[in-house]
Number of protein chains: 2
Amino acid sequence: MPPRKLTQDAVISAGMAMADESGLDGLTMRALARRLGVEAMSLYHHVANKEALLDLMVDRIYREIELPQARGQWRAELRRRSLSVRAVLHSHPWALPLMESRHRPGPANLAYHDANIGCLREAGFTGAQVAFAYAVIDAFVYGFVLQESTLPFDSGPEAASMIVTDGFGDALRGYAHMMWFAEQVIPAPGYSFDREFEPGLDLVLDGIEHVVLRGAS
Amino acid sequence: MPPRKLTQDAVISAGMAMADESGLDGLTMRALARRLGVEAMSLYHHVANKEALLDLMVDRIYREIELPQARGQWRAELRRRSLSVRAVLHSHPWALPLMESRHRPGPANLAYHDANIGCLREAGFTGAQVAFAYAVIDAFVYGFVLQESTLPFDSGPEAASMIVTDGFGDALRGYAHMMWFAEQVIPAPGYSFDREFEPGLDLVLDGIEHVVLRGAS
DNA sequence: ACCTGAACACCGTTCAAGT
DNA sequence: ACCTGAACACCGTTCAAGT
């Protein structure tokens with residue numbers, strides 16, 4: 001089952017699979033080696049150290065994201081890319097906290113930023129507009145995913161009953177507005193946190209469009 | 001220097017100071033004990049374990065944020081609160097990644113959410129509008145701070161020269177748009193990543209105001 | 001070139017013992 | 001009640017040794 005020859009690619013893939021299954025805490029050099037049917041120290045022949053492995057895993061994440069085309073359709077392209085960012089980060093929940101602490105961008109990271117900047121630039125954005133639009137869109141996208149990962153419950157209708165039943169309701173006593181939110185808003189038909197993403201993204205894109213058309217910022 | 005009597009509060013404060021100085025990696029139970037002039041195992045008399053200590057530290061973060069008043073001035077209040085969130089997270093760079101992985105909200109956390117929801121609710125927002133506005137504003141605020149913490153350089157004009165000189169320019173070869181951004185946009189007078197925050201926040205607040213006035217969402 | 005075993009300097013935490 | 005020392009089961013990583 002373990003590949004005959006250990007390669008850096010195999011180590012990275014196994015590291016990602018391991019983090020997907022057991023979280024970042026479950027990813028230890030020793031456990032990773034065990035998974036690959038090899039001794040812990042063998043890994044160091046393909047990867048400088050654990051930090052380097054994490055850097056490589058992060059770059060793989062960037063490689064999975066659908067890049068925007070630079071064909072002038074900035075809004076549709078960045079919208080599609082944003083949905084892809086969210087999908088990728090959902091399938092690798094360990095990635096976002098990790099991206100935050102890595103400061104050595106790999107090639108896929110650079111290509112990713114290049115495509116995003118290029119998409120806005122080719123659509124006629126000035127330098128200042130590119131900087132503003134890119135910062136605001138990504139703040140929203142990454143921030144939204146960050147919030148999703150923080151939710152103590154899966155969003156969706158079933159969450160509501162959990163809040164009320166699981167003694168979670170007791171914790172809320174004394175917090176009238178949270179009580180209202182938990183009892184009146186979350187259980188409302190059709191409410192689900194993740195459904196706020198696309199309208200929120202459109203709100204941001206509308207704002208950008210508005211600013212650019214006016215030539216402001 | 002170390003307090004005569006060890007208290008939970010003293011342990012939490014020392015933990016925060018330690019994380020401020022040496023990052024989350026530098027915060028070990030053993031080092032924390034040393035700082036308090038005590039043996040490692042003494043800490044466990046005031047804190048169940050390290051996880052519990054981190055939960056308590058996160059709740060202290062929420063306590064530091066200026067809460068919005070529920071006087072109907074939702075926009076001004078949430079704007080002020082958002083600036084406070086950013087300021088607090090800047091002074092405790094370890095906090096954001098940590099808030100993400102804690103799922104047992106403490107009392108300050110609950111009070112914080114209660115105040116935010118109350119601020120919107122008292123201003124006449126419907127349940128669905130509160131959910132949408134709160135999600136979008138916080139996605140932007142936390143996402144922006146997240147991006148700031150990821151920047152490989154301090155934002156600001158000095159950053160520009162660093163990019164070009166420090167061999168960072170070499171890494172950019174082949175990425176034409178990034179090259180343009182690094183050479184033309186970042187060094188431009190007045191450019192600084194952190195200056196995008198307030199205009200970005202206003203863009204989001206404008207969007208919320210627009211949606212609420214129209215009664216949409 | 002690639003893999004290994006033993007060893008080092010760390011972790012968080014348990015437990016029995018001290019005052 | 002509060003603090004401690006020794007010990008346990010882990011880490012990442014170095015280094016000398018094997019093939």
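Reminder, nothing fancy here: chain letters follow the sequence lines and each chain counts from 1.
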(request) Let me see the working for A:Thr7 and A:Asp9 under side chain to side chain donor-acceptor pair (under 3.5 Å), right down to the final yes or no. (result) CA-CA 5 Å; A:Thr7 64; A:Asp9 256 38; 5.8 Å; no
(message) We want to know whether B:Arg81 and B:Tyr112 form a side-chain donor-acceptor pair, criterion being a heavy-atom distance below 3.5 angstrom.
(response) yes
(message) What is the separation between atom CG on A:Leu43 and atom C1' on D:dG12, rounded to the nearest whole Å?
(response) 11 Å
(request) Identify which nucleotide among D:dG12, C:dG12, D:dC15 has an atom closest to any side-chain atom of A:Met41, counting heavy atoms from C-beta outward. (result) D:dC15
(request) Figure out the CG/C1' separation between A:Leu53 and D:dT13, and round it to whole Å. (result) 14 Å
(request) Using whole Å, report how far CG of A:Asp25 lies from P of C:dC11. (result) 16 Å
(request) State, without any angle test, whether B:Ser13 and B:Arg60 hold a side-chain donor-acceptor pair at a distance under 3.5 Å. (result) yes
(request) Look at the side chain of B:Arg30 and decide which nucleotide, out of C:dA1, D:dG12, D:dA7, has an atom nearest to it. (result) D:dA7
(message) As a test of reading the structure: which of D:dT4, C:dC3, D:dC2 is closest to the side chain of B:His45, going by heavy atoms?
(response) D:dC2
(message) On the nucleotide D:dC3, are OP1 or OP2 found under 4.0 Å from the side-chain N or O atoms that B:His46 carries?
(response) yes
(request) With the side chain of B:Lys50 defined as its heavy atoms from C-beta on, choose the nearest nucleotide among C:dT13, D:dG12, C:dC2. (result) C:dT13
(request) Starting from P on D:dT14, measure out to CG on A:Asn49 and report it in whole angstrom. (result) 7 Å
(request) Considering only NZ, NE, NH1 and NH2 on the basic side and carboxylate oxygens on the acidic side, decide whether A:Asp59 and A:Arg102 come within less than 4.0 Å. (result) no
(request) Quickly work out the A:Gln8 CD to C:dC2 P distance and round it to whole Å. (result) 12 Å
(request) Find the distance B:Glu39:CD to C:dG18:P and express it as a whole number of Å. (result) 17 Å
(request) Choose from C:dC11, D:dT4, D:dT14 the nucleotide whose nearest atom is closest to any side-chain atom of B:Val38. (result) D:dT4
(request) Mind calculating the distance between CE (B:Met29) and P (C:dC11) to the nearest angstrom? (result) 12 Å
(message) Under 3.5 Å for both donor-acceptor distances, Watson-Crick or wobble: does D:dG5 have a partner, and if so which one?
(response) C:dC15
(request) Among C:dC15, D:dC15, C:dC3, find the nucleotide with the atom closest to the side chain of A:Ser42. (result) C:dC3
(request) Look at A:Glu148 together with A:Arg86 and state whether they make a salt bridge at an N to O cut-off of under 4.0 Å. (result) yes
(message) Measure CG/A:Leu32 against C1'/D:dG12 and give the value in whole Å, please.
(response) 13 Å
